[in-house]
Amino acid sequence: MAPFRQTLRESIESALVAILRERSALRGAPFARGGRAAPTKDSYDDSPALHNETFGIEVEIERPRIPEHGDFSCNIALVMAKQVSMSPRELAAAVAERLDLPAQFVSLEVAGPGFLNFKLDPEAWASVVEEVLEAGSRYGAAINPSPEHVNIEFVSANPTGPMHLGHARWAAWGDALARLLETAGHKVTREFYINDAGNQITLLGKTIAAYYLRAFGGDAEPPEDGYKGSYIQDLAQDLVSEVGRAWVGHPREQLIAMCGEWGADRLLEEIRGQLESIGVRFDVWTSEKSLRESGSVSATLEELRKRDFAYEAEGAVWFRSSKLGDQKDRVLVKSDGQPTYLAVDIAYHVDKYKRGFDRFIDIWGADHAGHVPKLRYALEALGYDPRRLEVILGQLVSISRAGEPVRMSKRSGDLYTFEELVEELGPDAARFHFLMQGPDSALHLDLEKAVAHSLDNPVYYVQYAHARICSILHKARDAGLKHPIPEMAKAAPLSSKEEIAVLKRLEEYPYLMSEAASARAPHKLANWARELAAEFHAFYQSLRVLQADSEELTKARLALVAACRQALANCLSILGVRAPERMEKLDDSDRSADED
């Protein structure tokens, strides 16, 4: 990372330690070397910050919202003022007096109630370009000192029908999160949980069996609560083509089981193909049916009994979750002997814990919110740390065309499907639009805008910036100019407001990456890509690159645009979106300064 923020952070931390030492000495509190208070209770009484070995110091360096306030800002004085019994502005002034910053920082101001604002020498920003070009595809990636092996379970669509828009959103989101965590230095396993057992598969079997028998003159009626949509008839016809009359004579229950298993397998293959169509692949596919057959559910129930967290009552088996703070106990096995969804899910998560992951991230629909505490109680009851499980709950997706809601699907007979969306938008637009908001926000998608080849379309806007840069670099190569290398960044000052805006956006990328990984927030990267694209487009339309005022300035600007291209490509790669080298031009108003 460019050292600006780290330099400021270390300098401010040193100043704070000096201030805390001074105030501790005035109170007669002993102080250990290395900025740590000696471990005597009396030494802590007048200075709460000393309760923590690092004094509770968490120095954050941000970009001011108003550019005129400077290049970097820090609010640590507002955060720590009470801990050192000083006013925020007094503490900020004391920190400022003790800062010994390198010459690249040209001004320091104590502003407002106690902000520290810093301005950087414009020529210092060129080091950002050097760093991007030297790091290449690794720009923004981290060497994590404490990497984790993370299991991310997402999509997990039931193999009973076409995937819906929620599945599409979680596919894009889960895959981008996996890529983000990998770039942050973690090892990630992507997992899909297949709900291929229970009542839903029986119902699928009943529905397919009815249409299969009808094909041979039978009078079977599909169940009233069976699955609807043309895909069911298509499945039945495929079954007829595959096995002919061979299954007609089987007993009813056997036929239902065979049709359910066959249909689930066929639909699962469709699900795999649809996910791969947007670049989403899984490392592990875990079958609920296999989990049940392995005895894992029974073993988990027995372990709960041993720990006095399971008991029988009213013909069912119950989880004594109220013992851990739940409002009431929960059913694990129904009176008909069938395990509940909760019982199977507990066994599934125990299986994941036993596989040795450090952390588990489940991405579920918001309708599963009530299930989360029950599962956590069960893990705690079984001796597992429930804090290792993170659950991300996502809100619904709605779509419209020409201002009118789009609801119906010809194939599913229900909602507009994953497959229809990808066919209409393409994988890039689908993924990018689903990553523009956090999962806790309901998402609305306008299909007409999402497919438009216009700068009003966010994904087109970002991809077009990358293609523009590639065009500039191709023209430079055709003109015999040297391919941009890091040293070219300092060939001439990059000091215009448009250049500085791009440089500042590039500088923040590694920090944003780290923040997005910690917050499980890949949408922050989609927004950053849009901001960088906006700043590049403004640069492109205002300043000449190939026909700059001097050869040295052309070199410096070529290095800048090359760095911009690299950072955009890195970001889009995490989002799972292509970074195209060529795209169609819009119109004559869409011109660069080089073309004027």
Side-chain angles (χ1 to χ4, degrees), residues 1-5 124-143 176 179-180 182-185 428 432 435 459-477 481-492 494 498-517 522 524-540 543 545-546 553-583 592:
M1 299 181 187
F4 310 137
R5 298 188 195 218
W125 286 106
S127 64
V128 176
V129 175
E130 291 180 302
E131 184 186 358
V132 177
L133 295 181
E134 287 170 357
S137 62
R138 293 292 298 167
Y139 184 65
I143 299 175
R179 293 168 185 245
L180 174 59
E182 286 171 335
T183 307
D428 289 338
F432 196 91
L435 288 165
V459 64
Y460 190 89
Y461 188 68
V462 172
Q463 289 182 315
Y464 195 51
H466 186 272
R468 273 180 161 172
I469 297 171
C470 290
S471 176
I472 293 172
L473 296 175
H474 289 153
K475 289 177 181 178
R477 181 190 61 199
L481 297 174
K482 186 176 181 181
H483 183 76
I485 57 174
E487 292 75 13
M488 289 169 57
K490 294 182 178 178
L494 297 170
E498 292 86 1
E499 290 163 331
I500 295 296
V502 173
L503 287 162
K504 287 183 176 181
R505 195 65 64 189
L506 291 173
E507 182 273 340
E508 75 180 7
Y509 181 65
Y511 299 94
L512 182 73
M513 277 281 302
S514 177
E515 177 187 326
K524 290 178 179 290
L525 299 186
N527 292 330
W528 179 88
R530 294 174 68 188
E531 290 165 348
L532 178 59
E535 277 143 5
F536 170 75
H537 287 308
F539 162 87
Y540 174 89
L543 301 174
V545 177
L546 303 180
L553 186 55
T554 288
K555 290 179 180 178
R557 285 178 177 169
L558 278 174
L560 175 60
V561 299
C564 192
R565 186 212 66 79
Q566 184 67 67
L568 270 179
N570 293 359
C571 183
L572 289 173
S573 177
I574 292 172
L575 299 177
V577 175
R578 290 179 310 112
E581 294 192 6
R582 296 179 182 277
M583 293 178 72
S592 72

Determine the minimum heavy-atom distance between K524 and L512, stating which atoms define it. O-CD2, 3.7 Å

Going through the distances and angles, do E507 and E131 end up as a side chain to side chain contact (heavy atoms under 4.5 Å, CB included)? CA-CA 9 Å; E507 182 273 340; E131 184 186 358; over 6 Å; no

So, for A492 and A556, which heavy atoms are closest and what is the spacing to 0.1 Å? O-CB, 3.6 Å

Given 3.5 Å as the limit, does a donor-acceptor pair link the side chain of T183 with the main chain of R179, or not? yes

What I'd like to find out is whether the side chain of L560 reaches to under 4.5 Å of the side chain of L506, using heavy atoms alone. yes

Could you check if a side-chain atom of R505 sits within less than 4.5 angstrom of a side-chain atom of F536, using non-hydrogen atoms only? no

Point-to-point distance, once rounded to the nearest 0.5 Å, from OG of S471 to CZ of R565: 13.5 Å

Verify, without hydrogens or angle tests, whether S514 (side chain) and Y511 (backbone) share a donor-acceptor contact under 3.5 angstrom. no

Under 3.5 Å, which donor-acceptor pairs do the side chains of residues 571-582 form with other protein atoms, sequence neighbours left out?
residue: R578; atom: NE; partner: D428; partner atom: OD2; Å: 2.7
residue: R578; atom: NH2; partner: D428; partner atom: OD2; Å: 3.0

Got a second to check how far H483's NE2 is from L473's CG, nearest 0.5 Å? 7.0 Å

Side chains of L532 and Y509: does their closest heavy-atom pair fall under 4.5 Å? no

Minimal non-hydrogen separation, A567 against V132, with atom names: N-CG1, 4.4 Å

Find out whether L525 and L435 are in side-chain contact, i.e. whether some heavy atom of one side chain is under 4.5 Å from a heavy atom of the other. no

Check P522 against A176 and note the closest heavy-atom contact, atom names and distance. CB-CB, 3.9 Å

Is any side-chain heavy atom of W125 closer than 4.5 Å to one of L494? no

Which pair of non-hydrogen atoms, one from M488 and one from K555, has the smallest distance, and what is that distance? CE-O, 3.4 Å

Between CD1 on residue I485 and CG on residue L133, distance to nearest 0.5 Å: 9.5 Å

Is a side-chain donor-acceptor pair under 3.5 Å present for N570 with Q566? yes

Measure the shortest side-chain to side-chain distance between P510 and M513 over non-hydrogen atoms and say whether it is less than 4.5 angstrom. no

Suppose we screen for salt bridge (Lys or Arg N to Asp or Glu O under 4.0 Å). Which residues come up paired with E498, at least two apart in sequence or across chains? none

Using a 4.5 Å cut-off on heavy atoms from C-beta on, say whether the side chain of V561 contacts that of F539. yes

Shortest non-hydrogen contact from L546 toward A476: CD2-CB, 3.7 Å

